[in-house]
Amino acid sequence: MKNVIPFLEELSKNNSREWFHDNKGRYSVARKEFESFVAALIPRLAEIDPELTGLDPKQCIFRIHRDVRFSPDKSPYKTNMGAAMGRGGRKSPYASYYIHIEPGNSFAGGGIWMPQPPALKAMREEIYYNLDEFRAIVEGRDFARTFTEFMGERLKRPPRDFPADFPGIGWLQYKSYAVGHFFDDDVVSSGNFTDRVLDVFGVLLPFNRFINRALSGD
């Protein structure tokens, strides 16, 4: 993806409709590169997680246009390209595999970001009743080396309906169960970036399966 990072760098400095219109050709080249990357990534990801077999790349890739209706920042475009690969694509209510390309802030990871209250409670209950299994995943050597911390906010106090003296109470205080592994820009543009991303997704697999078990009630 040699054109993606340079285009996004320029876009971050010139985030206007006029500039975007004048550089639409560059955007098309970068967008096609990213689409090709995701289209090639999905079949290989499905070898790791067969639940994603047949997933349509168009269902996974996010639009570059921002929804500015409720934001004080009226910049019309995102300065990243991203795709979420889960059951049904980017709008999946289940744990996903996520790729985020942004100059100086690219990462691969996944899980579930800011779930609705019923889903969040279901995940906390899954951890509560299966703490040893959850710890074996997130405190395992490969996971801990790949993902140094959870993303997002935490409650300052134990969540309602769970005992404060529960030995894993800290794991129940997250509002999201999402992790990421960051890459330098030169790695994103390298020939082995797909392999590096798939290595990350392979480590993520047990974590996503744990979450999805909670959400599906299996």
Side-chain angles (χ1 to χ4, degrees), residues 41 45-53 55 59-60 62 67 70-71 80 82-100 102 105-183 196-218:
L41 180 67
L45 175 58
E47 295 176 5
I48 297 171
D49 190 342
E51 290 184 352
L52 304 184
T53 300
L55 190 61
Q59 293 178 292
C60 302
F62 291 94
D67 183 352
F70 308 108
S71 174
N80 66 79
M85 292 151 283
R87 301 181 195 176
R90 63 183 180 274
K91 296 182 180 180
S92 175
Y94 294 97
S96 298
Y97 301 86
Y98 180 65
I99 181 72
H100 179 100
E102 181 180 5
N105 192 43
S106 297
F107 65 91
I112 190 164
W113 179 258
M114 295 298 289
Q116 294 297 310
L120 181 58
K121 185 176 181 180
M123 283 184 283
R124 287 170 172 164
E125 288 177 343
E126 193 73 19
I127 296 170
Y128 181 78
Y129 290 112
N130 300 281
L131 179 60
D132 289 344
E133 179 187 355
F134 182 75
R135 275 182 164 165
I137 295 170
V138 299
E139 296 176 3
R141 182 182 64 180
D142 289 345
F143 193 97
R145 285 180 176 178
T146 305
F147 309 112
T148 56
E149 61 183 359
F150 278 31
M151 295 177 164
E153 298 178 352
R154 294 181 63 179
L155 297 172
K156 294 181 179 180
R157 299 179 59 82
R160 186 181 301 174
D161 301 328
F162 295 93
D165 61 352
F166 174 59
I169 195 63
W171 293 116
L172 304 185
Q173 291 177 261
Y174 288 97
K175 297 181 180 181
S176 298
Y177 287 87
V179 292
H181 179 85
F182 289 81
F183 296 100
R196 296 283 295 273
V197 170
L198 288 167
D199 287 342
V200 171
F201 288 164
V203 175
L204 183 66
L205 175 63
F207 182 74
N208 275 2
R209 283 184 170 169
F210 186 95
I211 291 173
N212 287 339
R213 187 178 71 200
L215 299 182
S216 62
D218 294 340

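Because the structure is a prediction, the values reported are computed rather than measured. For the single chain, residues carry numbers from 1 onward in sequence order.
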Grab the two heavy atoms, one from [X] and one from [Y], that are nearest each other, plus how far apart they are.
X      : Y      : answer
Ala95  : Asn212 : N-OD1, 2.8 Å
Val179 : Glu149 : CG1-O, 4.0 Å
Gly82  : Asn80  : N-OD1, 4.1 Å
Ile137 : Phe143 : O-CB, 3.2 Å
Ala108 : Phe201 : CB-CE2, 4.0 Å
Phe107 : Gly180 : CD1-CA, 4.1 Å

| task | Quick one: sort the Phe150 and Tyr177 rings into parallel, tilted or perpendicular, breaks at 30° and 60°. | result |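 Answer is perpendicular, since the angle exceeds 60°.
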| task | Kindly assign one of parallel, tilted or perpendicular to the pair Tyr98 and His100, based on the angle between their ring planes and the thresholds 30° and 60°. | result |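 It falls in the tilted class, 30° to 60°.
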| query | Has Asp67 got more than 12 heavy atoms of other residues, nucleotides or ligands less than 6.0 Å from its CG? | reply | yes
| said: Could you check whether atom CD of Glu139 has more than 12 heavy atoms from other residues, nucleotides or ligands sitting under 6.0 Å from it? | reply: yes
| field | Any side-chain heavy-atom pair of Val138 and Phe147 under 4.5 Å | value |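 No, side chains not in contact.
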If you measure from [atom1] on [X] to [atom2] on [Y], what distance do you get to the nearest 0.5 Å?
X      : Y      : atom1 : atom2 : result
Arg87  : Ser216 : CZ    : OG    : 5.5 Å
Ile48  : Leu205 : CD1   : CG    : 7.5 Å
Glu133 : Phe210 : CD    : CZ    : 5.5 Å
Tyr94  : Ile112 : OH    : CD1   : 9.5 Å
Asn208 : Leu204 : CG    : CG    : 4.0 Å
Asp49  : Met85  : CG    : CE    : 11.0 Å

| query | Passes side chain to side chain contact (heavy atoms under 4.5 Å, CB included), His181 versus Val203? Steps please. | reply | CA-CA 11 Å; His181 179 85; Val203 175; over 6 Å; no
Identify every side-chain donor-acceptor pair in residues 161-176 under 3.5 Å, counting partners at least two apart or on other chains, and give the distances.
from, atom 1, to, atom 2, distance (Å)
Gln173, NE2, Leu155, O, 3.0
Gln173, NE2, Arg157, O, 3.4
Lys175, NZ, Glu153, OE1, 3.1
Ser176, OG, Met114, N, 2.8

| field | Backbone N/O of Asp142 and side chain of Thr146: donor-acceptor pair under 3.5 Å | value | yes
| field | CA sep, side-chain torsions, deciding dist, call: Val200, Tyr97, side chain to side chain contact (heavy atoms under 4.5 Å, CB included) | value | CA-CA 10 Å; Val200 171; Tyr97 301 86; over 6 Å; no
| request: Show your working on side chain to side chain contact (heavy atoms under 4.5 Å, CB included) between Asn105 and Phe182 and close with a plain yes or no. | output: CA-CA 7 Å; Asn105 192 43; Phe182 289 81; 3.1 Å; yes
